[in-house]
Amino acid sequence: MSYLEKINSPADTKKLAIEDLSRLADEVRQEIISVVSETGGHLASNLGAVELTIALHYAFDLPTDKIVWDVSHQIYPHKLLTGRRDKLSTIRQYGGLAGYAKRTESEYDHFGAGHASTSISAALGLAVARDLNKEDHKVIAVIGDGAMTGGLAFEGMNNAGSLKKDLLVILNDNTWSISKNVGSISKYMTGIMADEKFNKLRSEVWEMTGRFKRRDKIRETVRRLENSIKGLLVPGMLFDKMGFRYLGPIDGHDLPLLIKTLNDIKNMIGPVMLHIATTKGKGYAPAEHDVTRFHGVGKFDKVTGKSASETGLPAYTDVFGDTMLELAEKDKRVVAITAAMAPGTGLVPFSEKYPDRFFDVGIAEAHAACYAAGLAADGIRPYLTVYSTFMQRAYDQVIHDMAIQNLPVVICMDRGGLAGNDGPTHHGAYDLSYMGPVPNLTIAVPKDGNELRSMLHHTIDNDISGVVALRYPRDKVPEAITEKPAKIEWGKWEWLTKPGETVVLAVGSMVTEATKAVKQLKENGLEVSLVNARFVKPLDNEILDQILKSATTVFTIEENSLRGGFGQAVADYLLERNYTGKFTPLGIPDKFVPHGTREELLADLELDSAGIAHRIATEKESPATSNGFLSRLSLRKNNVTRGNKVS
Ligand SMILES: Cc1ncc(C[n+]2csc(CCOP(=O)(O)OP(=O)(O)O)c2C)c(N)n1
């Protein structure tokens, strides 16, 4: 029996001898590689955090002591060692374990996450709550060097340094974000790690003073002495100056050293930062060599590390990346900005071809947005490229820095709609709602890759004014890319069928599904008209007025929350004009959608073609008009499970 098989909780890990822990680490690593090669998921970050996780489980008393994992994509070893081993193979799958920390999943997950840089603030909250509740336990935040580039992490440090609560922050530094980490904080941290002489001296002194009886007193004196000389040796001493007792860096794969250090420091008073150096992808050569690909990876062959090559139509992300190259070539004012997501947003080719016009600002969406506004204020044309879910971080910048000043920033939101296996923290389910109320802002939602390309070209060809929020899904485009981009009428929708009594207004990704649904309904004797509502703001009043005159039943379909979304805007318009027909908005209900493939989730929400056809048929079916199409459709889709699985 392996060690891993015997571990159902941290208490079991503690039963092992320190000498046995490296074998446990190997087993954890192999298990994670095996599972992720089948399910896909975060790999390299987890492999780098194996020893740290084991050491934390060994040195602290979980779940009384509380760990907050930043982003929590590195939580797989923790899941394996906290009674979730048997379920690890379900990770990120529909109905299975979440890919991130989740409070409702385990008592060992004290704080959920998915977005970066929240751990220090959350851990400080837990530490203060502990003191207010007169409890006695440790609180530990584990944060990567990438997540340390986020302003929120520094807001947390700033507050923690002055509150002086007992709190341990472990900075897990592997020098990588998803791509190589960027910025001056990253350079600063690398500088500390490179300062071998100082670090050696420091660990020798630490080691030596540990041997004395009155070691705490001696160490305090040494600390004061060290503070007075280290300013000369290590640049900055930023973390100390922020009120943290900074320790390290130490080797984050040396289990005995990690455990000894954690035991040594766990009763220290006040905020402490332990800096550990780890290797992202540790122990799996393909991941160590191609860190970015193995940050988040689909299924792969665990022997070779190779993934099955993608065939067929390109993803929206690729079309976006290619079009950005065309725009940059056409107009020198075009620049692209990413918040640590160049690979995920398709900007790698742009970064290679136009390094001076490409900016990776780190995990700093609010800064990225304000920075884009600054660029736009002086004649540059910034394309701010951010996942829809992360754009939530920069909402004030959209209103305060861009829109009020009517600045021409194009916000390109990838993963608009359901993001799939990353789950509720990552679904881009709110952008149409949160962008809607902002004046001086156009919301453009292309129905396919060609329209995405046309819209992007339009923004630069026409020197568009104000903010443009362009959103597209995590999907392949539905049809091949044409040779040249077509012109599009800005702010105008298009009829995809001839107008009729029953009209479907579909937005973006939903156009393809609605097209199939309309076809299916037609085959079953129900005539439905379809509009590509490619601008959510402004609405196309001309088409809406036409609908007011001739339609008796209207559906809106969007891959967005029904609250404050496209449907609500259309309903307002129709209601104000005394529309008396039927109106049904289809979209994401007012609930958090779990993880699963995008297809599974769309089917669950009846936002796939079969679901849409079913909803339309149900609305249309009435005893007086029944011609049996509903029962015919129901027969077709009886192999798809539907219902209220979304919670
Ligand atoms: C606000 C936000 N922006 C972007 C991301 C996407 N993201 C997930 S992990 C990651 C890199 C994190 O790097 P680091 O903290 O160093 O952890 P590592 O994976 O290197 O261990 C990024 C950019 C995110 N989760 N949250």
Side-chain angles (χ1 to χ4, degrees), residues 32 36 41-53 68-78 99-101 112-122 141-153 155-156 169-183 185-186 189-190 193 252-253 275-282 287-288 291-297 337-345 347 360-369 384-395 397 413-415 419 421-428 474:
I32 289 173
V36 178
H42 290 102
L43 185 66
S45 319
N46 279 295
L47 297 180
V50 172
E51 284 81 10
L52 172 63
T53 307
V68 182
W69 301 93
D70 207 280
V71 187
S72 72
H73 61 311
Q74 75 292 59
I75 201 173
Y76 298 13
H78 178 76
Y100 299 96
H115 289 202
S117 319
T118 62
S119 62
I120 300 176
S121 304
V142 177
I143 183 165
D145 57 296
M148 270 311 284
T149 61
L152 189 54
E155 292 171 32
V169 173
I170 299 183
L171 172 58
N172 176 17
D173 190 349
N174 54 30
T175 74
W176 288 84
S177 191
I178 291 178
S179 314
K180 195 76 186 160
N181 204 4
V182 294
I185 292 292
S186 164
M189 292 185 294
T190 312
M193 292 214 279
H253 298 298
H275 189 175
I276 67 167
T278 57
T279 302
K280 196 160 174 174
K282 174 82 175 174
E288 284 191 39
V291 171
T292 299
R293 182 163 81 84
F294 282 97
H295 174 89
V297 67
I337 302 166
T338 178
M341 299 298 289
T345 56
L347 283 177
D360 178 355
V361 300
I363 307 178
E365 288 80 6
H367 158 69
L384 172 63
T385 309
V386 184
Y387 285 6
S388 165
T389 186
F390 302 141
M391 197 57 210
Q392 291 163 193
R393 281 270 167 100
Y395 190 47
Q397 279 56 52
M413 294 186 289
D414 201 323
R415 272 54 166 180
N421 304 76
D422 279 317
T425 54
H426 282 61
H427 296 318
R474 176 183 203 172

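All ligand and atom numbering here is 1-based and tracks the order in the structure. The structure presented is a predicted model; accordingly, all values stated were derived computationally and were not measured.
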Response to the item:
Those residues at least two apart in sequence (or on a different chain) that pass ring pair (Phe, Tyr, Trp, His ring centres under 6.0 Å) with Tyr100 are His42, His426
Worksheet entry | Check: Asp70 side chain, Ser119 main-chain N or O, donor-acceptor pair, under 3.5 Å | yes
Discussion item. For the backbone of Asn174 and the side chain of Asp145, can you confirm whether one donor and one acceptor N or O come within less than 3.5 Å of each other?
Written reply: yes
Worksheet entry | Amino acids in close contact with ligand 1, where any non-hydrogen atom sits under 4.0 angstrom away | Ser45, Val71, His73, Gly114, His115, Ala116, Gly144, Asp145, Gly146, Ala147, Asn174, Trp176, Ser177, Ile178, Lys280, His295, Ala340, Met341, Ile363, Glu365, Phe390, Arg393
Worksheet item: Who are the side chain to side chain contact (heavy atoms under 4.5 Å, CB included) partners of Ser45, not counting sequence neighbours?
Response: His73, Gln74, Lys280, His295
Discussion item. Taking ring pair (Phe, Tyr, Trp, His ring centres under 6.0 Å) as the definition, give me every residue that meets it alongside His367, ordered by chain and number, with sequence neighbours left out.
Written reply: Tyr371
Fill in: Rounded distance [0.5 Å steps], OG1 in Thr389 versus CG in Asp414
12.0 Å
